[in-house]
Every structure is written in C-alpha cells, then in structure tokens.
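Contents: one structure, followed by commentary.
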Amino acid sequence: MQTMTGSDFIKAFPIFGRVKDGLARELLSIGVQRRIPAQERLYSEGDGCSGIALVISGEIRVFKTGRTGREITLYEIGPGETCILNASCILSGSSYPADAVASTDTEILLLPADSFKSLVDEHREMRDFIFRLLSNRLAGVMELVEEVAFGRMDERLWDYIIEKSEDNRLAATHQKIANDLGTSREVVSRLLKDLERRGSIAMSRNEITILSVT
C-alpha cells in the first residue's frame, strides 16, 4: 500500500484543509494505514474500542441486528468520515453498541484510542470534526427512528417501486423518490441498499430493477 503524504490525507479529509499540515503529519505519524476487504467485520456489538478508523476510501456500514436476525442500517461511513459511535465508545470508555462491516474494499487510517483522546483534547479542529459528525449522525438516526416507529417507510418505498415501475424497472433518482415520498434522500438510499442486500432489487445509475416480489 502506498504511504500517504500530508496533502493526500487532506484530499481525503478536506475539513483539515484549513489547518496547517502539522496536524495531518501528526495523524499520519500516529495512525496505521490498513486496507479492509469487503465484508470484513470491524466491530461486533459489545466489543471494546482500541482504536478509531478514519476512512480514506470505500464504505463501512454500521447497523443493529434484532432478535429475529433482521438488520437495520444506522448509517454508512464514507471517505473523509469516521464512526461517531466508535468515537463515543473511546471517549466514554464504553463498549461498541452496534456492528460495523466494510461494504466495499476500504482503506482506513487507524488511530490508537489513547492517541485519539489526546488529539481531541489538544486540537480544536479535531473536536470540531467530531462534533460536526455527531450532529449530522444524530439528525440522521433521529429521522430513521421516526420513519421506523411511525412511517413504515420501507413498506411505502416498496409499494412506490412496484407502482411506478414498468417491466420491473424504475428510472428515478433517489432524490426524486425521496421528494415523492416526503422523506430525505439519505433515508431512501439506506432503505434501497437494504432491499438490494436482501436480493429484492438491483441498482444502477438512476435505475432500479425488481428482482423479486416476495
């Protein structure tokens, strides 16, 4: 794996672009670059958090699994982000409360837990980064709770796909579907990915193909 430079890191994390590259160099000197293959598990519910991953490329899915085995996606972590549950686990000394699996081949910079806590204490930019992610994730999870508790958005989305499709194909952007259903694009994208994982649909650019109606 090619070693990242400070400028490479800032390209992946533009939020640090306003900071002198000393922080980027410090992160790179502390962290370990790792490549996580698709479907590899990073955390299981109840695990301790010995480090935190800054995602350089790829995607990590964070989800909860019910007693019946049904999964619900809490959020996905992409380039330039980290897992806010992971951060909370380290800062509070608690165990990881969900599961995290690489959705695709993913490259990360893994920071040890103690180093991460020191960086949060010493650098306002790191605190701002974490707090901004926390705010965004909390809003997304609250929206998810509302949809699951009150809206049954997964059923409404499936009915919409069936109704609007022709020859088992629906040409529409995630934003168009979200607008029609009165929800956010993020909720639609998350639920569509769940349907794809279950083998009900296949997705390509601006098109959904129904594979199974069961």
For this session: Kindly indicate whether the side chain of K117, heavy atoms from C-beta on, has any atom under 4.5 Å from the side chain of D114.
Result: yes
For this session: Kindly work out whether a path of hydrophobic side-chain contacts (I/L/V/M/F/W/Y, heavy atoms less than 4.5 Å apart) joins L134 to L74.
Result: yes
For this session: For the residue pair E45 and K64, establish whether any side-chain heavy-atom pair is separated by less than 4.5 Å.
Result: yes
Exercise. For M203, does its backbone N or O pair with a side-chain atom of E196 as donor and acceptor, under 3.5 Å?
Worked result: yes
Exercise. Given T183 and I177, is the side-chain contact (heavy atoms from CB on, under 4.5 Å) satisfied, shown in steps?
Worked result: CA-CA 9 Å; T183 187; I177 297 172; over 6 Å; no
Seminar exercise, completed: The reported gap from CG in L42 to CD1 in I36 (rounded to nearest 0.5 angstrom) is 5.0 Å
Seminar exercise, completed: Nearest heavy-atom approach of A100 to I60 is CB-CG2, 4.1 Å
Exercise. With side chains defined as the heavy atoms from C-beta onward, is the minimum distance between N136 and Y75 less than 4.5 Å?
Worked result: no
For this session: Return the minimal non-hydrogen interatomic distance between G31 and L111, and the atom names on each side.
Result: CA-CD2, 3.7 Å
Exercise. Do V101 and V141 share a hydrophobic cluster, counting only Ile, Leu, Val, Met, Phe, Trp and Tyr and linking them when any side-chain heavy atoms are less than 4.5 Å apart?
Worked result: no
Exercise. Charged N to carboxylate O below 4.0 Å: is that the case for R190 and D194?
Worked result: no
Exercise. Rounded to the nearest 0.5 Å, how far apart are CD1 of I201 and CG of L191?
Worked result: 10.0 Å
Problem set entry | Closest non-hydrogen atom pair between L109 and L27, with its separation | CD2-O, 3.7 Å
Exercise. Does R152 come within less than 4.0 Å of D154, counting only side-chain N to carboxylate O?
Worked result: yes
For this session: Take L195 and I161, measure what side-chain contact (heavy atoms from CB on, under 4.5 Å) needs, and give me the verdict at the end.
Result: CA-CA 11 Å; L195 286 171; I161 294 170; 4.1 Å; yes
Exercise. Taking a hydrophobic cluster as the set of Ile, Leu, Val, Met, Phe, Trp and Tyr residues connected by side-chain heavy atoms closer than 4.5 Å, whether directly or through intermediates, do V120 and Y96 fall within one such cluster?
Worked result: yes
Exercise. Taking all atoms of both residues into account, what is the closest heavy-atom pair of I56 and A12, and its distance?
Worked result: CG2-CB, 4.0 Å
For this session: Kindly compute the distance separating CG (D128) from CD1 (I15), expressed to the nearest 0.5 Å.
Result: 7.0 Å
Exercise. So with a 6.0 Å cut-off around CG of D121, is the heavy-atom count from everything else above 12?
Worked result: yes
For this session: Would you check if L119 and E26 make a side-chain contact, meaning some heavy-atom pair closer than 4.5 Å?
Result: yes
Exercise. Backbone N or O of E186 within a donor-acceptor pair of the S189 side chain at under 3.5 Å?
Worked result: no
Exercise. Is a side-chain donor or acceptor of N86 paired with a backbone partner of G51 at a separation under 3.5 angstrom?
Worked result: yes
Problem set entry | Worked check of side-chain contact (heavy atoms from CB on, under 4.5 Å) between V55 and E76 | CA-CA 11 Å; V55 177; E76 285 155 334; over 6 Å; no
For this session: Give a yes or no on whether L211 and I162 share a hydrophobic cluster (residues Ile, Leu, Val, Met, Phe, Trp, Tyr; joining criterion: side-chain heavy atoms under 4.5 Å apart).
Result: no
Problem set entry | Main-chain N/O of G78 paired to E81 side chain as donor or acceptor, under 3.5 Å | yes
Problem set entry | Side chain T106, main chain E59, donor-acceptor under 3.5 Å | yes
For this session: Tell me, with the steps shown, if R197 and T73 meet side chain to side chain donor-acceptor pair (under 3.5 Å).
Result: CA-CA 11 Å; R197 272 188 288 271; T73 302; 3.1 Å; yes
For this session: I would like to know whether K193 and R61 meet side-chain contact (heavy atoms from CB on, under 4.5 Å); could you show each step before the answer?
Result: CA-CA 11 Å; K193 286 185 178 181; R61 176 181 173 236; over 6 Å; no
Seminar exercise, completed: Note: with side-chain heavy atoms under 4.5 Å as the link, the other cluster members for L138 come out as M142
Exercise. Roughly how far, to the nearest 0.5 Å, is the CD1 atom of I52 from the OG atom of S115?
Worked result: 12.0 Å
Seminar exercise, completed: What one should report as the nearest heavy-atom pair of S94 and C89 is O-SG, 2.8 Å
For this session: Consider only side-chain heavy atoms of I, L, V, M, F, W and Y, link residues closer than 4.5 Å, and tell whether Y43 and I72 are in one cluster.
Result: yes
Exercise. Who are the ring pair (Phe, Tyr, Trp, His ring centres under 6.0 Å) partners of F13, not counting sequence neighbours?
Worked result: F9, F129
Problem set entry | From I208 atom CD1 to H174 atom NE2, the distance as rounded to the nearest 0.5 Å | 5.5 Å
For this session: Indicate the atoms forming the closest heavy-atom contact of F116 with A87, along with that distance.
Result: CZ-CB, 3.9 Å
Exercise. Given side chains that start at C-beta, do those of V62 and C83 come closer than 4.5 Å, heavy atoms only?
Worked result: yes
Problem set entry | L181 CG to R156 CZ distance, which is reported to the nearest 0.5 Å | 5.5 Å
Exercise. Are any non-hydrogen side-chain atoms of W158 and I210 less than 4.5 angstrom apart?
Worked result: yes
